[in-house]
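Structure, as structure tokens:
Predicted model only: the values in this text are computed from it and were never measured.
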Amino acid sequence: MQYNDIKPDASLYPILIKCAGKACGMLFHSHVLKLGYVPDHYVRNAIMGMYAKYGPVHLARKLFDEMCDRNVADWNVIISGYWKWGSEEEANKIFHMMGKSQRNVITWTTMVTGYAKSRNLKTARMYFDNMPERSVVSWNAMLSGYAQSGEPQETIRLFNHMLNSGNEPDQTTWVIVISSCSSLADDDPSVVDSILRELEKVNFQSNYFVKTALLDLQAKCGNLEAARKIFDQLGVCKNSVTWNAMISAYARAGDFSVARDLFNKMPERNTVSWNSMISGYAQNGESLMAIKLFKEMISSSKDSKPNEVTMVSVFSACGHLGALDLGNWAVSTLNENHIKLSISGYNSLIFMYSRCGSIEDATIIFQEMETRDLVSYNTLISGLAAHGHGKEGIKLMSKMKEDGIEPDRITYIGVLTACSHAGLLEEGQKVFQSIEVPDVDHYACMIDMLGRAGKLEEAMKLIRSMPMEPHEGIYGSLLNAACIHKRVELGELAAAKLFKVEPHNSGNYVLLSNIYASAGRWKDVDKVWDTMRKQEVQKTTAWSWVEHKGEIHKFVVGDRSHERSDDIYKLLANVKVKLRREGYVVDKSCVRRDVEEEEKEEMVGIHSEKLAICFALLVSDIGSVIRVGKNLRICPDCHASIKMISKLERRKIIVRDNNRFHCFSDGLCSCKDYW
DNA sequence: TTAGGGTTAG
């Protein structure tokens, strides 16, 4: 017998077509046409399924239209095909062409899945509720719809309904439910407990999907050990998702040595692995490490391309550093990699630009966005606040209301801060009165605002009228105000409260000591420093930095490790001579009152920010803008703002450090007594 | 024969 004489049985083709890809599927189609197998129900359905899955869907429809004896599977395949190729209208038409009695549970589930995947949850739920009968797949389709649309509460509610109506969840159900619980772990730990109890009740064989979801849930509830136990028990049955879940758990918790170890060991890293590490660094204040790893990712990893999630972490890190050159470089990397941004991506850009001192660029990004959310408004309002643009902050809040977005507590904190920094007391008070239920942070903003304006009695009155217990933010603002306005008794009151709640915060001791120093009460200054020593309060080792040509140069107090250290110290000496000649009074340091400035610096070392500024002066060209420091605030003493910088025509440097923001031109700060 | 499936990064 010749090979050509063998005629495969028609029943083979549905299996062959199902297993084949598109190209082979089309070849089998031509076979069955030649062999005359098309009238066979199963063969026909398989070919239709192939075109519905791989396209073009109109060929599936052609076969469908040519049928004169369609069964329910044929209808279901064509509906599913239309959903797959995004034709909701056609899917809907076919569904309604079917007779009511023709539809089965699969037909209904296909409609539920289609609507759920296109995020039309209302319609999905309508179909789900109208189903004559439901299978576990129908429940999963609806549950997954809620979960994927970020509605974990609704997912859990439906899941409880599922259990109460006597339906048995399968492994898929558990994966959906457990992962929804993970996103509720912070807000509602009781839900997590009840779901875990429910899972224990059923004698259930979990597969590795369920186990990975459980691992993630335990990690997000803060049970790293429990998560690690699941990870270890999975042995070789781990995939990259399991590894990533474990790495991100350690990275989120700031345990970088273990996270990095797993990251290095994992068999195959992907974009999520890199993102887990980078976002872990970025969220735990390790901005430089985040950027370093990002550079490694783009230079070494061919398979793991950065995506929007990567960029959100990188922009955030650049923002926290205030490193505009790095930020601009990150934006160019974004463009080179053709990464499209969603609203949250744009929001992170607004954050980055405003934290890097460029509120203009932040505003441009905001204006260019097609759609904005609450976070977009809040980020720009906070940026405007930090830059002292009070009126613009208030205006933007009005605009968001016009756009149908209601302000939340963060919006009000932003606007109140904006008013406070811009000295808009009256406007700020109006905003405060408009808040329905102000919380303790809103009160803190008001205390700050009144305090800066010198209305300390009013501030005290407001504290006494508060419906809740004042927290450290309230007394911190009061202490700050007492320091600005040299009010010893109020400073003592605020400091006493703060020493109780945060006895190891060195900043409070320093402020109180400064208040005493400004009143010439040197004995009290010494007392404060004694208390600090007795309480073993460590002054936080601050470091300052300068971003120059994409490199970060770090300095700590008395630093002599920098390669240009000699030049820096020489320049510092020259600046001081220059300042003295111009009659500036130097340093208000309270270390000791009976020694000269040079001696004090000998004792404690030159402040890190002075070293950073001198380095910036050394390397900057005329007209360049160099950014130094870590916190973007308006200098409380000189109220320097970005606007002043644009007025300076010669060498311009913006300096941010120790919560201050100073403008320098040829070595002179607009805040006279800085040096 | 036809439906889903699903875990990790912001």
Calculate the interatomic distance between [X] atom [atom1] and [N] atom [atom2]; express it in whole Å.
{"X": "F351(A)", "N": "dG10(B)", "atom1": "CZ", "atom2": "P", "result": "15 Å"}
{"X": "R103(A)", "N": "dA3(B)", "atom1": "CZ", "atom2": "P", "result": "18 Å"}
{"X": "K238(A)", "N": "dG6(B)", "atom1": "NZ", "atom2": "C1'", "result": "19 Å"}
{"X": "Y82(A)", "N": "dT2(B)", "atom1": "OH", "atom2": "C1'", "result": "16 Å"}
{"X": "I106(A)", "N": "dG5(B)", "atom1": "CD1", "atom2": "P", "result": "14 Å"}
{"X": "K53(A)", "N": "dT1(B)", "atom1": "NZ", "atom2": "C1'", "result": "14 Å"}
{"X": "F209(A)", "N": "dG6(B)", "atom1": "CZ", "atom2": "P", "result": "9 Å"}
{"X": "Q148(A)", "N": "dG6(B)", "atom1": "CD", "atom2": "C1'", "result": "8 Å"}

Whether [X] side chain and [Y] backbone form a donor-acceptor pair below 3.5 Å:
{"X": "N223(A)", "Y": "E225(A)", "value": "no"}
{"X": "R269(A)", "Y": "S240(A)", "value": "no"}
{"X": "N239(A)", "Y": "T242(A)", "value": "yes"}
{"X": "T110(A)", "Y": "I106(A)", "value": "yes"}

Minimum-distance nucleotide to [X] side chain [options: [options]]:
{"X": "N244(A)", "options": "dT8(B), dA9(B), dT1(B)", "answer": "dT8(B)"}
{"X": "V312(A)", "options": "dA3(B), dG10(B), dT7(B)", "answer": "dG10(B)"}
{"X": "N239(A)", "options": "dT2(B), dA9(B), dT7(B)", "answer": "dT7(B)"}
{"X": "V175(A)", "options": "dT1(B), dT8(B), dT7(B)", "answer": "dT7(B)"}
{"X": "V105(A)", "options": "dG10(B), dT1(B), dA3(B)", "answer": "dA3(B)"}
{"X": "N76(A)", "options": "dT7(B), dT2(B), dG10(B)", "answer": "dT2(B)"}
{"X": "D216(A)", "options": "dG4(B), dA9(B), dA3(B)", "answer": "dA9(B)"}
{"X": "T172(A)", "options": "dT8(B), dT7(B), dG4(B)", "answer": "dG4(B)"}

Exercise for the section: Tell me, please, whether W329(A) has K295(A) positioned over its six-membered ring: NZ or CZ under 6.0 Å from the ring centre and within 45 degrees of its axis? Expected result: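 Checked: cation-pi criterion met.
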Distance criterion of 3.5 Å, no angle test: do you see the side chain of [X] paired donor-to-acceptor with the base of [N]?
{"X": "Q171(A)", "N": "dG5(B)", "answer": "no"}
{"X": "D170(A)", "N": "dG4(B)", "answer": "yes"}
{"X": "N104(A)", "N": "dA3(B)", "answer": "no"}
{"X": "S135(A)", "N": "dA3(B)", "answer": "yes"}
{"X": "D74(A)", "N": "dT1(B)", "answer": "no"}

Problem - is_close_aromatic(W243(A), F263(A)), centroid dist under 6.0 Å - result: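 Distance test on ring centres: not under 6.0 Å, no.
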Practice task
Compute the ring centroids of W139(A) and F128(A), then answer whether they are less than 6.0 Å apart.
Solution key: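 Yes.
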Practice task
Return the minimal non-hydrogen interatomic distance between I298(A) and P306(A), and the atom names on each side.
Solution key: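 It is CG2-CG, 3.8 Å.
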Exercise for the section: Check DNA chain B against residues 110-122 of chain A and give the residues with a non-hydrogen atom under 4.0 Å, in numerical order. Expected result: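 Output list: T110(A), T113(A), K117(A).
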Exercise for the section: Just call it for N207(A): base, sugar-phosphate, or nothing, with non-hydrogen atoms closer than 4.0 Å on any strand. Expected result: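 If one applies the 4.0 Å heavy-atom cut-off, N207(A) turns out to touch a base.
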Exercise for the section: Report the C-alpha distance between S138(A) and S135(A) in whole Å, list the side-chain angles of each, state the deciding distance to 0.1 Å, and finish with yes or no for side-chain hydrogen bond (donor to acceptor under 3.5 Å, both in side chains). Expected result: CA-CA 5 Å; S138(A) 329; S135(A) 67; 3.1 Å; yes
Problem - side-chain N/O K220(A) vs dA9(B) OP1/OP2, d < 4.0 Å - result: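 Yes, K220(A) has a side-chain N/O under 4.0 Å of OP1/OP2 on dA9(B).
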Problem - side-chain N/O S279(A) vs dG10(B) OP1/OP2, d < 4.0 Å - result: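 Yes, because at least one side-chain N or O of S279(A) sits under 4.0 Å from OP1 or OP2 of dG10(B).
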